[in-house]
Amino acid sequence: MRKFLFISLISLILLSLSALGQSKIQITYMRWGDIREIEVERKIVDAFNQSQNKIFVNLESTAWGAYWQQLQNRIAAGNAPDVILMDGAYFIDLASKGVFKDITEWIRRDINLKNYYYDPEVCEWDGKIYAMIRDITLGGIMFYNKDIFDKYKIKYPDWSWDWNKWIEAAQKLTIDENKDGTPEIWGTYVPTWGEGGLYPIIWSAGGTVLSKDKKSCTIYSNPKSLEGLKFMYELRYKYKVCPSESFMQGLSDPFMTGNFATTLGISSFIVSYKKLPFRWGIAPIPSGPAGRFMSANQLSLAIYSKSKYPEAAWEFIKFATGPKGQEIMGKEHQAIPALKLKTRVYFDDPNIKSALTIFSLYEKGQLKSLEFTPSWLEWNNMLETTLGYAWQGKVDIEKAAKTAEDRVNKILQEAWKKLEK
């Protein structure tokens, strides 16, 4: 009898615990990322779940390319995740179609945006807020190999560097040791994709990628934009301190080879550089004729407009973008926290601590967004692909720029026309 009562008591306790677990509101959070990024995201989700007795977040993840296809399929089926990690490249296209819940009032009630590095381009549409800012990626950062600079007795790049000093140092550090016509060490590398190098160079020349209304491309029609493109071209074919893109094929990240004195890139590279076998450092992009400009791209978190539990989804977003979630993200070097109180947590490393000063450019308006538009990814890919013929040495830069501008304009005109219907 006692045994029966004991077993019944255990069963009752288990049933009670089960009921308690089932009583929690369950929501789904979906994001893209590599193994490392997902591991950190899991820590944020686990910390939230442990702090809750009413909400449980299920994390779903996949690779970048598959993420957007899966998301589109689930939106079409009406069962998208409750919380969606959003990139500016897709934000306008989805926000304009009513995919996200309007969280304007919740933001005003619960969050002081002055405490964040906040880009409305990835959060706002048609006067309303549809997403909360999460992190920052800096573009146009100069990474430099200290071992190479020390070997050839050249001073490290710093805030005094302009384009002329950059060229001078790159010429001294382009070394063809065996005299076979191909350097073993290159003085520099400027990526030809947007935030990595292309956009910051155009801006630093005083140029623009798009017109003020974002409805036309200006890389050829604006002489300053063309000046920036010519600078990138001349680094390759006049000064010969940067390899052509034909040479670079198959080389995903040149800096990691140890054969480049300097390269431009984005802040998310920092994580993979931490284990490099040589000493390295970070500096801001050298200033051009118009000054020094770098890119600031931001990710945000949005709530699916058809979510059954939007309030629960908002609770998770507040946690992920609040002090605890931002601190986990920063300490683990997953991304730079957008919350100003936690931004410096990311830079607690001797190699990268000096990069924190780059944020002074934010207040000066010298950290610029990527100028997102509808169909942004389509026209940006067209721009980079068409200019690629010049970087490969197949056509001159003016012809490539004219062709690229014409092609991008056709995409932009069609994209805005569809949006206005």
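It should be emphasised that the depicted structure is a prediction, and the values quoted were computed from it without experimental measurement.
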Item to complete: Return yes if some donor-acceptor pair links the side-chain N/O of S360 with the main-chain N/O of T357 below 3.5 Å, else return no.
Response: yes

Worksheet item: Hey, does I202 have a side-chain heavy atom less than 4.5 Å from the side chain of K224?
Response: no

Item to complete: Check step by step if ring-ring contact (aromatic ring centres under 6.0 Å, His included) holds for W161 and Y156.
Response: CA-CA 10 Å; W161 271 35; Y156 298 153; 9.9 Å; no

Worksheet item: Do we see a donor-acceptor contact under 3.5 Å between the side chains of S211 and S216?
Response: yes

Worksheet item: Have Q298 and D135 got a donor and an acceptor in their side chains that come within less than 3.5 Å?
Response: no

Worksheet item: Would you say the side chain of F56 lies within less than 4.5 Å of the side chain of I25, judging by non-hydrogen atoms?
Response: no

Worksheet item: Hey, are D82 and K308 close enough for a salt bridge, meaning a charged N less than 4.0 Å from a carboxylate O?
Response: no

Worksheet item: Run the side-chain contact (heavy atoms from CB on, under 4.5 Å) check on I44 and L59 step by step: do they pass?
Response: CA-CA 10 Å; I44 296 172; L59 175 63; over 6 Å; no

Worksheet item: In terms of side-chain geometry, is the basic nitrogen of R134 or E41 positioned less than 4.0 Å from the acidic oxygen of its partner?
Response: yes

Item to complete: Could you tell me whether the side chain of Q392 and the main chain of S246 form a donor-acceptor pair under 3.5 Å?
Response: no

Fill in: Non-hydrogen side-chain atoms of L367 and L138 separated by less than 4.5 Å
yes

Worksheet item: For residues N409 and Q413, is any side-chain donor paired with an opposing acceptor at under 3.5 Å?
Response: no

Worksheet item: Hey, are the side chains of W379 and E414 touching, using non-hydrogen atoms and a 4.5 Å cut-off?
Response: no

Worksheet item: Do P286 and K165 touch side chain to side chain, with heavy atoms closer than 4.5 Å?
Response: no

Discussion item. For K54, is there an ion pair with E315 - N to carboxylate O distance below 4.0 angstrom?
Written reply: no

Discussion item. Quick one, H333 with Y346, criterion side-chain contact (heavy atoms from CB on, under 4.5 Å). Give me CA distance, side-chain angles, the key distance, then yes/no.
Written reply: CA-CA 6 Å; H333 290 94; Y346 183 88; 4.0 Å; yes

Worksheet item: Y90 pairs by ring pair (Phe, Tyr, Trp, His ring centres under 6.0 Å) with which of W376, F372, W68?
Response: W68

Worksheet item: Are K274 and E332 ion-paired here, with the side-chain N under 4.0 Å from a carboxylate O?
Response: no

Discussion item. Go through it in stages, so that I can follow the logic: the residues are I282 and Y273, the test is side-chain contact (heavy atoms from CB on, under 4.5 Å), and I'd like the CA-CA distance, side-chain angles, deciding distance and then a yes or no.
Written reply: CA-CA 11 Å; I282 287 176; Y273 290 174; over 6 Å; no

Item to complete: Please examine the side chains of K418 and W416, heavy atoms only from C-beta on, and report whether any two atoms are closer than 4.5 Å.
Response: no

Worksheet item: Charged N to carboxylate O under 4.0 angstrom, D147 versus K151?
Response: no

Discussion item. Does either side chain, that of S268 or that of T137, offer a donor lying less than 3.5 Å from an acceptor on the other one?
Written reply: no

Discussion item. A side-chain contact here means heavy atoms from C-beta on lying under 4.5 Å apart; do K146 and F278 qualify?
Written reply: no

Worksheet item: Can you find a side-chain donor-acceptor pair between N58 and T28 that sits under 3.5 Å?
Response: no

Worksheet entry | Electrostatic pair K214:E371 at N-O distance under 4.0 angstrom | no

Discussion item. Does either side chain, that of N380 or that of E384, offer a donor lying less than 3.5 Å from an acceptor on the other one?
Written reply: yes

Practice prompt. Would you please say whether a donor-acceptor pair under 3.5 Å links the side chains of T188 and T262?
Written response: yes

Discussion item. I need the single residue from F316, F319, Y309 that forms a ring pair (Phe, Tyr, Trp, His ring centres under 6.0 Å) with Y29. Which is it?
Written reply: F316

Discussion item. For R407, is there an ion pair with E378 - N to carboxylate O distance below 4.0 angstrom?
Written reply: no

Discussion item. Does the structure place the NZ or CZ of K172 under 6.0 Å from the centre of the six-membered ring of Y152, at an angle of no more than 45° from the ring's axis?
Written reply: no

Item to complete: List the steps and the verdict of ring-ring contact (aromatic ring centres under 6.0 Å, His included) for Y304 and F100.
Response: CA-CA 5 Å; Y304 181 40; F100 307 133; 8.7 Å; no

Discussion item. Ring centres under 6.0 Å, that's the criterion: do W203 and F293 meet it?
Written reply: no

Discussion item. Here's a test for you: under ring pair (Phe, Tyr, Trp, His ring centres under 6.0 Å), which of Y189, Y144, F231 qualifies with W166?
Written reply: F231

Practice prompt. Run the numbers on E245 and F247 for side-chain contact (heavy atoms from CB on, under 4.5 Å), then give the verdict.
Written response: CA-CA 5 Å; E245 289 306 294; F247 179 89; over 6 Å; no

Worksheet item: Taking all atoms of both residues into account, what is the closest heavy-atom pair of L173 and I148, and its distance?
Response: CD2-CG2, 3.9 Å

Worksheet item: Is a side-chain N or O of T218 found less than 3.5 angstrom from the main chain of T208, in a donor-acceptor match?
Response: yes

Discussion item. I'd like to check W280 versus N145 (side-chain heavy atoms, cut-off strictly below 4.5 Å). Are they in contact?
Written reply: no

Worksheet item: Taking the six-membered ring for Trp, are W125 and F91 ring centroids under 6.0 Å apart?
Response: no

Worksheet item: Mind checking whether F260 and F255 have ring centres under 6.0 Å apart?
Response: no

Item to complete: Can you spot which of E234, K240, R236 makes a side chain to side chain contact (heavy atoms under 4.5 Å, CB included) with K238?
Response: E234

Practice prompt. State whether E398 and K230 are salt-bridged, where the test is any N-O pair (Lys NZ or Arg NE/NH1/NH2 against Asp/Glu carboxylate O) under 4.0 Å.
Written response: yes

Worksheet item: Donor-acceptor pair, T343 side chain versus P337 backbone, under 3.5 Å?
Response: yes

Discussion item. Taking atom CZ as the centre, does R279 end up with more than 12 heavy-atom neighbours from other residues, nucleotides or ligands that are less than 6.0 angstrom away?
Written reply: yes

Discussion item. Under a 3.5 Å cutoff, is there a donor and acceptor pairing between the side chains of E405 and S221?
Written reply: yes

Discussion item. Regarding D102 and T104, do their side chains bring together a donor and an acceptor under 3.5 Å, going by distance alone?
Written reply: yes

Worksheet entry | Residues Q69, N73; criterion side chain to side chain donor-acceptor pair (under 3.5 Å); working and verdict | CA-CA 6 Å; Q69 186 59 57; N73 292 343; 3.1 Å; yes

Item to complete: Verify whether one side chain among N259 and E184 offers a donor that lies under 3.5 Å from an acceptor in the other.
Response: no

